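Computed from a predicted model, the values in this text were never measured in an experiment. In this chain, residues are counted from 1 in sequence order.
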Amino acid sequence: MASLNVGNLGEYLREQRRAAQLSLRQLADATGVSNPYLSQIERGLRKPSADVLQQVAKALRISAETLYVRAGILDEREREELETRAVILADPSINERQKSVLLQIYDSFRRENGYAPAPGTEADAEVASDTKAGADAEAAPDTEAAPGTHAGPHVQAGPDADAGKDHDPHS
């Protein structure tokens, strides 16, 4: 009845729980998931939902995406893309507008290389229009450079951009 993927998931969860030095009961308390249910997951008898996996990942301080891949909910390439997005979104050194522009550029490169955006990411039409808007907004500085840094020349991203040349977006 249990698939190989679920067995691998259970073994992995047991290893992670033991590495965190938690008993099943402690993990159950931390996740709000019953002790018997967690035991069944570890033994490969149950396939948990994404919500349960997210709670377990949070309690064990591991990547939920890794658990999703092991449970067969997410494929490896989607996990890598989601983790890349998570790192960009978590970076405190760039502002929200910069994060948005960076993710749009990332999506455009993925499409150019034949990969579709992961589920839940922006639609192609939105990315195309927002990338242009983001590039125009970037050309008009609205914040000062951080101490010890300099504001370099703006290089427009997009299909009509020439590498290394400054562009007037209004010409």
**Request:** Classify the side-chain pair T66/R70 by whether it contains a donor and acceptor separated by less than 3.5 Å.
**Result:** no
**Message:** Is there a side-chain contact between Y37 and P48 in this structure, where contact means two heavy atoms from C-beta onward sitting under 4.5 Å apart?
**Reply:** yes
**Request:** Answer yes if L89 and Y106 sit in the same cluster of Ile, Leu, Val, Met, Phe, Trp and Tyr residues linked by side chain heavy atoms under 4.5 Å apart, and no otherwise.
**Result:** no
**From CD (Q21) to OG (S23), nearest 0.5 Å** = 11.5 Å
**Prompt:** Do you know which two heavy atoms are closest between L53 and A71, and how far apart they sit?
**Reply:** CD1-CB, 3.6 Å
**Request:** State, with a plain yes or no, whether a side-chain heavy atom of R111 is found less than 4.5 Å away from one of S108.
**Result:** yes
**Prompt:** Partners of F109 by side chain to side chain contact (heavy atoms under 4.5 Å, CB included), sequence neighbours excluded?
**Reply:** I105, E112
**Request:** Measure from the side-chain N and O atoms of R46 to the backbone N and O of I41, and report whether any donor-acceptor pair falls under 3.5 Å.
**Result:** no
**Message:** Please report the interatomic distance CD(Q98) to CD1(I88), rounded to the nearest 0.5 Å.
**Reply:** 12.0 Å
**Message:** Let me check something: do L24 and V33 share a hydrophobic cluster, defined by ILVMFWY side-chain heavy atoms less than 4.5 Å apart, either directly or through other members?
**Reply:** yes
**Request:** Flag the pair K99 and E96 as a salt bridge only when some basic side-chain nitrogen lies within less than 4.0 angstrom of an acidic carboxylate oxygen.
**Result:** yes
**Message:** Could you work out, with side-chain hydrogen bond (donor to acceptor under 3.5 Å, both in side chains) as the rule, every residue matching T84, not counting sequence neighbours?
**Reply:** none
**Message:** Show the nearest heavy-atom pair for residues S63 and A57, with the distance to one decimal.
**Reply:** C-CB, 4.1 Å
**Message:** Under a plain distance cut-off of 3.5 Å, with no hydrogens placed, do D91 and S93 share a side-chain donor-acceptor pair?
**Reply:** yes
**Request:** Give a yes or no answer on whether the side chain of E11 reaches the backbone of N8 with a donor-acceptor pair at less than 3.5 Å.
**Result:** no
**Prompt:** Is a donor on one side and an acceptor on the other found under 3.5 Å between the side chain of K58 and the backbone of T31?
**Reply:** no
**Item:** Sequence-distant partners of Q16, side chain to side chain contact (heavy atoms under 4.5 Å, CB included), two or more places apart
**Value:** Y12, L60, I62
**Request:** Nearest 0.5 Å please: distance from the CG atom of L67 over to the CD atom of E65.
**Result:** 9.0 Å
**Request:** Look up atom OG in S34 and atom CG in D29, then write down how far apart they are to the nearest 0.5 Å.
**Result:** 11.0 Å
**Prompt:** Which value, rounded to the nearest 0.5 Å, describes the distance between L13 atom CG and L38 atom CG?
**Reply:** 8.5 Å
**Request:** Measure the CD-CZ distance between E42 and R17 for me, rounded to the nearest 0.5 Å.
**Result:** 4.0 Å
